[in-house]
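Taking it in order: structure first as structure tokens, then the write-up.
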Amino acid sequence: MRIKGVFERTLPISRYADPSIPSGGLDTSAVAVVTDQICDGEPIIGYGFSSIGRFGQRGLIRDRFAPRLMSAGKPLIDPDTGLLDPYRAWDAMMKGEKPGGHGERSVAVGTLDMAIWDACAKAAELPLFRYIQKTLATTDEIKPVPVYAGGGYYFSENDTLHLRDEMEGFLAAGFTHAKIKVGAKSIEEDIERIEVALDVLGEGPCLAIDAIYSYTLEEVLKAGTEFERFGLWWFEDICDPLDFDTIAAATAAYKPPIAAGEAQFSLPDARNLIKYSQLRANHDILLFDIAHCYGLPEYLGIIKMAEGLGWDRSSFYPHGGHLFTLHAVAALGLGGAELNPHNFQPFGGLTDDAVIDNGYALPPELPGIGFEGRKDLFQVFHDLVRDNS
Ligand code: MG
């Protein structure tokens, strides 16, 4: 089994389900990794994308990482199984790369890594979470995963009215926990948003807020003082993600959990965040996005590093909001998974027949990640392959 072709297409995505609301120009890369292994008369193809929140990675994928996969040939095969090995593929992509200066090359590698895991799990005829467990030789026990609904972006008109509708929709869909945005308006206006969301969801520990890096030191201390009384589930992305002094000042002043790590894209960056931001082990929340962090092999190293610093896996709630993340959380026994039920479509959310049961979900039993069970998204991948064949 070897990789015959790697296709990429950069596609626009929006945080809003309503196409009339400006998306802000965000895009992502969809990729297809075509293997020479035939199953039911068709080649096994792995699919992936660049998670959400960062841009597409066309240049790095096409010019640098895909050619390394295509030219690697036999060394990508696990001699024990004769099948494509995700760890060998990862090593091939990273050949010649120097430490440091991670930038967004980690997103390009993570995008292809997602597709490679999809292909490998399909070749093993297993859903991805079971394949991950098999490669790690861990228990094959699987428990429903705590999931929460990511959303709560500002609406340009009738903001709190729409926010209330959105939260009611989350509850009706089976969610018990949700995350909304703050930091782009006055603290008074954000308090109104928090109160509206809590009025629908219930008490504070079911609501997280995300400031999308908007506060200065002075602002975050003031906001924290105002928000603390709500006893929120967590307070996320409070300031520039590399401003460890400000995060440390916030953790010293704000008692409920703080969440960080969405913009740390490597193991060394994750270690620096944990150590120098004075994050509180097994109290604060770690958000590292698997696809943004060079993919699963690097993410496994991040978990091991954090555990060595006294953190429990229950503190990990990886950013992303999609199927791949849910598989990883289920396989690795992490704290829980974000889902984007209506943002960033068709990439956010689960398969079309997925059930959210009182705040819990299971990954699909389809081979691989299961993008085939998500009609709109699979159409994107299908078109990508068709147009390149
Ligand atoms: Mg965030």
Side-chain angles (χ1 to χ4, degrees), residues 13-16 23-24 26 28 49-55 104 106-107 110 146-155 163 166-167 170 175 177-185 190 193-194 197 205-216 219-220 223-224 227 230 232-244 246-247 250-251 254 256-266 269-270 273-274 277 279 284-293 299 302 315-322 324-326 328-329 334-345 347-349:
I13 51 172
S14 173
R15 60 176 60 101
Y16 292 104
S23 70
L26 191 63
T28 191
F49 68 101
S50 303
S51 194
I52 55 101
R54 299 286 156 167
F55 291 90
E104 288 192 9
S106 60
V107 182
V147 293
Y148 73 91
Y153 287 90
Y154 290 95
F155 294 89
L163 183 67
E166 188 180 9
M167 295 300 117
F170 289 157
F175 291 99
H177 291 59
K179 183 167 75 185
I180 66 170
K181 305 305 172 188
V182 298
K185 292 190 175 179
D190 284 339
R193 304 193 98 233
I194 292 169
C206 57
L207 178 68
I209 55 172
D210 182 352
I212 319 185
Y213 321 116
S214 58
Y215 293 126
T216 62
E219 288 167 345
V220 77
F227 296 157
F230 294 109
L232 297 167
W233 195 24
W234 70 66
F235 186 8
E236 172 175 327
D237 297 338
I238 57 175
C239 63
D240 185 295
L242 298 179
D243 184 353
F244 299 155
T246 292
I247 301 172
T251 57
Y254 181 78
I258 279 175
E262 184 181 317
Q264 266 70 31
F265 285 6
S266 69
D269 285 340
L273 171 77
I274 290 172
S277 295
L279 293 178
D284 293 320
I285 301 296
L286 302 173
L287 301 168
F288 313 114
D289 185 314
I290 303 167
H292 290 172
C293 290
Y299 190 79
I302 291 174
S315 301
F316 283 77
Y317 279 75
H319 171 265
H322 45 70
F324 178 68
T325 302
L326 184 70
V329 171
L334 307 181
E338 177 179 23
L339 292 181
N340 284 309
H342 56 236
N343 310 118
F344 309 108
Q345 295 305 309
F347 297 96

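Please read all numbers here as calculations on a predicted model, not as lab measurements. All ligand and atom numbering here is 1-based and tracks the order in the structure.
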Minimum heavy-atom separation for N340 and G150, please, with both atom names. OD1-O, 3.5 Å
Of the protein N/O/S atoms, how many lie under 2.8 Å from the Mg ion (ligand 1): 4
Determine whether F244 and L273 make a side-chain contact, defined as any pair of heavy atoms from C-beta on separated by less than 4.5 Å. yes
Would you indicate whether the side-chain heavy atoms of F55 and T28 approach each other to under 4.5 Å? no
Assess whether ring pair (Phe, Tyr, Trp, His ring centres under 6.0 Å) is satisfied between F49 and H322, documenting all intermediate values. CA-CA 10 Å; F49 68 101; H322 45 70; 4.9 Å; yes
Is a side-chain donor-acceptor pair under 3.5 Å present for Y154 with D190? yes
Who passes salt bridge (Lys or Arg N to Asp or Glu O under 4.0 Å) against D284, sequence neighbours left out? R280
